[in-house]
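The structure appears below as structure tokens.
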Amino acid sequence: MVEDVMSEHVLVCNIKDYAGKSVLIKGWVHNQRSSGKISFIQVRDGSGYIQAVANRGDLKEECWNTINEITRESSIMIEGSVSEHPKKKGVFELQVSDVMIIAKSEPFPIEKKEHGPDFLLQNRHLWLRSKKQWAIQRIRNTIICATYDFFMGENFIKVDTPIITASSCEGTTTLFELEYFDLGKAYLSQSGQLYLEALISAHGKVFDFGPVFRAEKSKTRKHLVEFWMMDAEMAFYEHEDNIAIQERLVCSIIRQVLKINQKELEILGRDISKLDSISPPFERITHSEAVKILQKKGSGITEDVDLGANDESLLADVFKGPLFIERWPAKIKAFYMKRCPDDYNYVKASDLMAPEGFGELIGGSQREDDYDLLLSRMKEENMPIDDFQWYLDTRRYGSVPHSGFGYGLERLVTWITGIEHIRETIPFPRMLYRFYP
RNA sequence: UCCCCUGUAGCUCAGCUGGUAGAGCGGGUGGCUGUUAACCACUAGGUCGGCAGUUCGAGUCUGUCCGGGGGAGCCA
């Protein structure tokens, strides 16, 4: 039996190093095809997929009988020698010498064909095992690691901001509310940005990466109720520095994914040329230029109005690569953004629009570093000043010019993987009408 | 919150102008030596989302409730 054999347990991703040798694979049965005398078992071990080939003539009868008991998604151990696929160069498979079923699977709900979204989401915990979902999570992981690597290389430190907060940092969006002992209402964070602004005075350049929550009743392919956001904040960075570092980060992430996840991108059928062609500098237009372009294209957008979903796709027709939209009307942007010195009606903010009409990827701005201007903006917005004394302190004790930006991880994953809906980018999506499983 | 679509076997769906249900996949059984959602044969499996109404008769028409999807707005 398999457990008596001394073959080394190896991961499928390393299989090519074992050509000609006998190895042990532990994993799950992805699919099986068999005839009377030969059986092909596709096995998944988490690190990759491999096909095991069992010839009846080469095996003990007991082992052949075991193979015929296998069901999809059963957990198994297979011992066999690694050989190249007779028809596919560079693809390795396993010539089975022994098989042991660890646990036989009941008929697996997710079948080898298309399913509807309701069924798949209801079975999300099982759906995650499928090839496409596997590829998406691998790419998500690369994006996370690439982000950490990038910031470490730029002398940032990673800090953690609170998830439970006393009040909103942007006020405009709806927050999840909870009772906080005897202190009254608390809220789930929708961004760690304000806390990062306090931390730059200790560390210069910082970023956070954590879950944020929006209690908006959004019901689109671009929204989740719970998602992972990266915020970066940099002391002594002005608007232009802010733009430049965003370009470097995006390109660095893309390069890593292209390097590490070729197999995954292929599984997803992603057009790699669309990613490969991305390089700095990105194109840049002001909000009012965008408005003019959009009006010519038939959009009903006007000055001092944010872009609608249709506007985003119209712009993607004109600009093929990532696009920065700068110099936003102050009245439609957050209170903490720094005014343009030549016209106080505009702020030094930028939104980075993803190519292919996917929409906003990154939002960033230079921050207002003047105490009085910041305070007056907060009063205009009717913010509870007492709750934000700590934030105002950042401008009282050695304020510096600074900038920051943030991306929504799942949006980045959606764009890079080229998938249709954001819900597939997070293992267990929380949506308006669904939080199971 | 608003607009549109949808709910039939475990899953994906078909079911024309109303006459008490079908296919493919999956399951089971048998066959097949290189398969790629393998294939072939046989087989089991359904209070047609709930309730009410029209009708001799409703999966099919009407109302209502519930579930789901897509989009808008809001935003990342």
Side-chain angles (χ1 to χ4, degrees), chain A residues 30-42 49 51-59 64 68 71-73 83 85-88 91 93 95-96 105-123 126-127 130-132 168 170-175 189-193 209 211-231 305-313 332-334 351-354 358-364 405-415 420-423 425-426 431-434 436:
Chain A
H30 178 66
N31 194 15
Q32 184 186 24
R33 289 175 284 274
S34 94
S35 72
K37 304 213 170 132
I38 188 166
S39 184
F40 302 92
I41 311 161
Q42 290 186 314
Y49 290 80
Q51 175 165 273
V53 186
N55 280 291
R56 185 175 191 172
D58 302 341
L59 298 166
W64 181 255
N68 283 312
T71 55
R72 284 179 60 241
E73 291 303 323
S83 64
H85 194 290
K87 291 178 191 167
K88 294 178 189 169
V91 175
E93 50 183 24
Q95 300 298 326
V96 175
S105 173
E106 294 177 25
F108 198 61
I110 313 280
E111 292 173 17
K112 297 177 286 185
K113 57 166 197 139
E114 287 190 23
H115 291 275
D118 182 32
F119 177 79
L120 287 171
L121 288 165
Q122 206 61 25
N123 291 284
L126 305 176
W127 185 23
S130 67
K131 216 168 198 172
K132 191 176 158 193
S168 161
E170 302 198 25
T172 53
T173 43
T174 324
L175 301 171
S189 174
Q190 56 179 356
S191 164
Q193 184 207 310
F209 207 140
V212 292
F213 308 86
R214 303 283 164 91
E216 297 150 3
K217 296 206 167 179
S218 298
K219 197 174 178 297
T220 81
R221 68 179 73 177
K222 290 183 191 175
H223 291 87
L224 291 168
V225 167
E226 177 183 293
F227 64 97
W228 284 66
M229 186 149 91
M230 188 289 300
D231 287 296
V305 171
D306 205 350
L307 274 61
N310 189 44
D311 296 324
E312 292 178 348
S313 51
I332 56 169
K333 285 290 183 183
D351 280 5
L352 180 62
M353 313 298 291
F358 187 71
E360 189 181 343
L361 216 55
I362 294 181
F405 65 95
Y407 73 60
L409 175 62
E410 287 75 16
R411 286 215 177 155
L412 201 49
V413 177
T414 310
W415 166 53
E420 279 298 304
H421 203 297
I422 198 166
R423 63 189 167 209
T425 62
I426 188 164
M431 294 175 295
L432 189 48
Y433 297 121
R434 197 185 287 280
Y436 174 93

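Lettering follows sequence order; numbering is per chain, from 1.
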Counting only Watson-Crick pairs (N1-N3 plus N6-O4 or O6-N4) and G-U wobbles (N1-O2, O6-N3), all under 3.5 Å, who is the partner of B/A14?
none

Integer-rounded Å distance: B/U36 P and A/Tyr49 OH
19 Å

Of all the nucleotides listed (B/A72, B/G10, B/A76), which has the minimum atom distance to the side chain of A/Ile422?
B/A76

My understanding is that a pair needs two contacts under 3.5 Å, Watson-Crick or G-U wobble. By that rule, which nucleotide pairs with B/C2?
B/G71

Is A/Arg423 near enough to B/G70 that one of its side-chain N or O atoms lies under 4.0 angstrom from OP1 or OP2?
yes

Side-chain N,O (A/Lys113) to OP1/OP2 (B/C11) below 4.0 Å
no

When the distance from CD of A/Glu73 to P of B/G10 is rounded to whole Å, what number comes out?
21 Å

Considering just the side-chain nitrogens and oxygens of A/Lys87, establish if one lies under 4.0 Å of OP1 or OP2 belonging to B/U35.
yes

With a 4.0 Å cut-off, would you call A/Glu312 and A/Lys222 a salt bridge?
yes

Side chains of A/Ser39 and A/Gln32, donor plus acceptor under 3.5 Å:
yes

Return the value, rounded to whole Å, for the distance between atom CD of A/Glu114 and atom P of B/C25.
15 Å

Return the value, rounded to whole Å, for the distance between atom CE of A/Met431 and atom P of B/G69.
6 Å

Roughly how many Å is it from CG in A/Asp306 to P in B/C74, rounded to a whole number?
7 Å

Who does B/U36 pair with, Watson-Crick or G-U, both distances under 3.5 Å?
none

Residue-phosphate contact under 4.0 Å: A/His421 side-chain N/O, B/G70 OP1/OP2
yes

My understanding is that a pair needs two contacts under 3.5 Å, Watson-Crick or G-U wobble. By that rule, which nucleotide pairs with B/G7?
B/C66

Does any non-hydrogen side-chain atom of A/Arg411 lie less than 4.5 Å from one of A/Phe358?
yes

Using atom CZ of A/Arg411 as one end and atom P of B/C75 as the other, report the distance to the nearest whole Å.
11 Å

Below 4.0 angstrom, N of the basic side chain to O of the carboxylate: do A/Asp351 and A/Lys333 qualify?
yes

Between B/C32 and A/Arg33, counting only base atoms on the nucleotide and side-chain atoms on the residue, is there a donor-acceptor pair under 3.5 Å?
no

With C1' as the reference atom in both, quote the distance from B/A9 to B/U47 in angstrom, rounded to an integer.
14 Å

